[in-house]
Amino acid sequence: MSTVLTQGIINVTSDCRACDHCTSICPTGAISGLLGQRHKIDHNLCINCGQCLINCPFGRIEDASMVDLVKKALADPSKFVIVQEAPAVRVALGEEFGLEPGTNVKNKMYAALRRLGFKKVYDTEFTADLTIMEEGTELIGRVYGALGVKGYENKGPLPQFTSCCPAWIKYAEDKYPKIIPYLSTAKSPQQMFGAISKTYLPTKLNVNPANIYSVSVMPCTAKKAECNRPEFISSGYQDVDAVITTRELAALIKEKGIDFNKLPAEEADKFIGASTGAATIFGVSGGVMEAALRTAYEILSGSTLDEVDLKAVRGLQSVREASVEIPVKALGKALPVNVAIVTGTKHVDKLIEDVLAGRSKYHFIEVMNCPGGCINGGGQPIRREMH
Amino acid sequence: MVVGSPSEEKCIRREIKMKFFGEREGMTRRQFFKGAGMLTVSAIFLGAFSKLGFDAFAASTDYIEKRAAGLYALDEKMAIRKSHENPEIAQIYKDFLSPGEVKPVSEKAHHLLHTKYGKDIPNFITELKSKQNEAA
Ligand code: SF4
Ligand code: SF4
Ligand code: SF4
């Protein structure tokens, strides 16, 4: 038995081969060990990202599981068990059933979740859109504040950093407490979903919020730690009750004997299940930025953005930057918005140091811990094929 | 103080059994090594391994690119591609977060959708709990 808290999610097993590969993967230096000796993780430094886990060539790193909690809830008739799934899950889950990486299986995924016994199947993409509304409004407030627009005082400093990656958040809290005022106060889509699943949803469905059990399927191991953080109780309950990974969902589907590839295409349930293309790309590095720019442009300019594909922010390089001119109707002038995208937490240090030294030219910085974004998260199917 | 450190009693939400994943299907590298019986740790092995680590990286960007392409393709296929045009987003603001209008960061939105970090968390929790007691 091990106690899962807000850290200590990731552990090295006793039969570690001591090959030392994980130490080169870890973004924080949390994992270490002498040659020939079992490696160990310092859980104060570890940000729960699971990159070591998916890259250990011997599979000797494991994440704590909440699968038994989910099974127990599903078997309990007094519980109204509902589920959300992150964008990145839908393009990787199929790999566990013989499909190519990138195959979109979202409609089969919804069908599988219903067959596993979830009463309602929603989508984290809904709260990804909600994140854009909240985080985008916050950013506009900070930009107006910096320009001295009346009514926007004390909106917080620039640049604003994204806050949807819990590994990045823990890294910032642990290593750079001075950067905290620059973090968006918007919760991650997972935690927004949890909060509304026990407040707004019960008003629509006429269910007692005390009976709702809110489950999350994530490409991510850090999300397991996030849901257990003690502050995520704004609904009056623990907002998200349990998190399982893409891998764990695949295992549940197999265990139940569901023939995944033969499932019909189904849709998400209504009220908190609708999504957009902007929400879908949250799963890839640069996606949150692109989604935010699509909305910020239209809201600030009052006109339609014709070229929706903002290719300048796409790519897999660890640090990317772009500048976007937005005609701001309320100010009667165009505003250059400078953005940066970081994928891989180890690459963020320089940008943070520039911000703290007052030399940063950016307005908005997206940080995702996992190289490439959540599509390559620590909870995704493991690909260790020999080439 | 590290937020959520094991010594913090109140952070202990529940006991969860550690569960280890079974072996994956197909020929993974782990199984390959098992099959090849290359299990002893040695300096020679370490040398051989760095090379494999490099291969693994080459293979790794390939699947990352495919998953990324999958998401971008799905985005292009979606009927609505901007967050503020999601009809259920307008509905949650009008019906619940900012009754009658779409107003992000309304009082309710602020309470349910925003958070605090680091050393501000203990006070934030106290605040949330007192709000809940008031409501009760
Ligand atoms: S990569 Fe895996 S086997 Fe190698 S040292 Fe790290 S935990 Fe042990
Ligand atoms: S989970 Fe992430 S931070 Fe923790 S030891 Fe593994 S790679 Fe390092
Ligand atoms: S990048 Fe995504 S998958 Fe990786 S730790 Fe952050 S939220 Fe989790």
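Letters go in sequence order (proteins before strands), and every chain restarts at 1. Please read these numbers as outputs of a predicted model, since none were measured by experiment.
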- Message: Please evaluate residues A/K270 and B/E88 with respect to the criterion salt bridge (charged side-chain N to carboxylate O under 4.0 Å, His left out), reporting the C-alpha separation (whole Å), side-chain torsions for both, the decisive distance (0.1 Å), and the verdict.
- Response: CA-CA 8 Å; A/K270 65 170 190 222; B/E88 288 184 355; over 6 Å; no
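- Under the 4.0 Å criterion applied to side-chain N and carboxylate O atoms, A/E173 and B/K119 are not assigned as salt-bridge partners.
- Annotation: side chain of A/I180 is not in contact with side chain of B/K116 (no heavy-atom distance under 4.5 Å).
- Rounded to the nearest 0.5 angstrom, B/L113 CG and A/F193 CZ are separated by 13.0 Å.
- Both the backbone and the side chain of B/Q91 come within less than 4.5 Å of a heavy atom of chain A.
- How far OG1 of A/T276 is from NE2 of B/H84: 9.5 Å, rounded to the nearest 0.5 Å.
- Heavy atoms from other residues, nucleotides or ligands lying under 6.0 Å from NZ of B/K66 number more than 12.
- Contact detail for B/I89 and A/L130: the closest heavy-atom pair is CD1-N, 3.5 Å.
- No part of A/T103 comes within reach of chain B, as not one of its non-hydrogen atoms sits under 4.5 angstrom from that chain.
- Closest approach of B/I64 to A/P371, counting heavy atoms only: CD1-O, 3.9 Å.
- Of the listed residues A/T131, A/T185, A/L183, A/V91, the one with more heavy-atom pairs under 4.5 angstrom with chain B than any other is A/T185.
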- Criterion side-chain contact (heavy atoms from CB on, under 4.5 Å) on B/K77 and A/T280, from CA distance to verdict: CA-CA 11 Å; B/K77 260 183 32 196; A/T280 298; over 6 Å; no
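- Residue with the most contacts toward chain A among B/L74, B/L128, B/D95: B/L74 (heavy-atom pairs, distance under 4.5 Å).
- Here the shortest heavy-atom pairing between B/D75 and A/A278 reads OD1-N, 4.0 Å.
- Interface check for chain B: of the options A/F282, A/F126, A/Y200, the most heavy-atom pairs under 4.5 Å are formed by A/Y200.
- The contact between B/I92 and chain A is made by backbone and side chain atoms together, counting heavy-atom distances below 4.5 Å.
- Note: B/E65 CD to A/I375 CD1 = 9.0 Å, rounded to the nearest 0.5 Å.
- Each of A/D129, A/L305, A/I281 has some count of heavy-atom pairs under 4.5 Å with chain B, and the biggest count is that of A/D129.
- Among A/K106, A/K204, A/K187, the residue making the largest number of heavy-atom pairs under 4.5 Å with chain B is A/K187.
- Counting only heavy atoms from C-beta outward, the side chains of A/S275 and B/M78 approach each other to under 4.5 Å.
- Heavy atoms of A/I196 lying under 4.5 Å from chain B belong exclusively to its side chain.
- For B/E76, the part sitting under 4.5 Å from any heavy atom of chain A is the side chain, from C-beta outward, and nothing else.
- Top candidate by heavy-atom pairs under 4.5 Å with chain B, chosen from A/Q191, A/Q380, A/E298, A/E138, is A/E298.
- In this structure, A/R314 CZ and B/Y72 OH are separated by 5.0 Å, a value rounded to the nearest 0.5 Å.
- Atoms NZ and CD, on B/K129 and A/E231 in that order, are 11.0 Å from each other to the nearest 0.5 Å.
- Nearest heavy-atom pair, B/Q132 versus A/I233, reported as atom, atom and distance to 0.1 Å: NE2-O, 2.7 Å.
- No more than 12 heavy atoms of other residues, nucleotides or ligands sit less than 6.0 Å from atom NZ of A/K178.
- Counting non-hydrogen atoms of other residues, nucleotides and ligands closer than 6.0 Å to CD of B/E107 gives a total of 12 or fewer.
- For B/K108, no part lies under 4.5 angstrom from a heavy atom of chain A.
- Residue contact with chain B, scored on non-hydrogen atoms closer than 4.5 Å, involves the side chain of A/E100 exclusively.
- The shortest non-hydrogen separation linking B/L112 to A/A195 is O-CB, 3.4 Å.
- Judged purely by atom type and a 3.5 angstrom limit, A/E134 has no side-chain atom pairing as donor or acceptor with the backbone of B/H110.
- In terms of modelled atom types and a separation under 3.5 Å, the side chain of A/R294 and the main chain of B/K82 share no donor-acceptor contact.
- When heavy atoms are compared at a cutoff of 4.5 Å, A/R90 approaches chain B solely by way of its side chain, counted from C-beta outward.
- Note on B/D62 versus A/R383: no salt bridge recorded, every NZ/NE/NH1/NH2 to OD/OE distance being 4.0 Å or above.
- In terms of heavy atoms, A/A92 sits closest to B/R67 at CB-NE, 3.7 Å.
- Contact of the A/P177 side chain with the B/Y117 side chain is not registered, since no non-hydrogen atoms from C-beta on lie closer than 4.5 Å.
- In this structure, the portions of B/A68 lying under 4.5 Å from any heavy atom of chain A include both its backbone and its side chain.
- If you take NE2 on B/H114 and OG on A/S184, they are separated by 7.0 Å, rounding to the nearest 0.5 Å.
- The candidate from B/G70, B/P104, B/S106 with the greatest count of non-hydrogen atom pairs under 4.5 Å with chain A is B/P104.
- Heavy-atom pairs under 4.5 Å with chain B peak, among A/T295, A/V284, A/I132, at A/T295.
- A donor-acceptor pair shorter than 3.5 Å can be found between the side chains of B/Y63 and A/N376.
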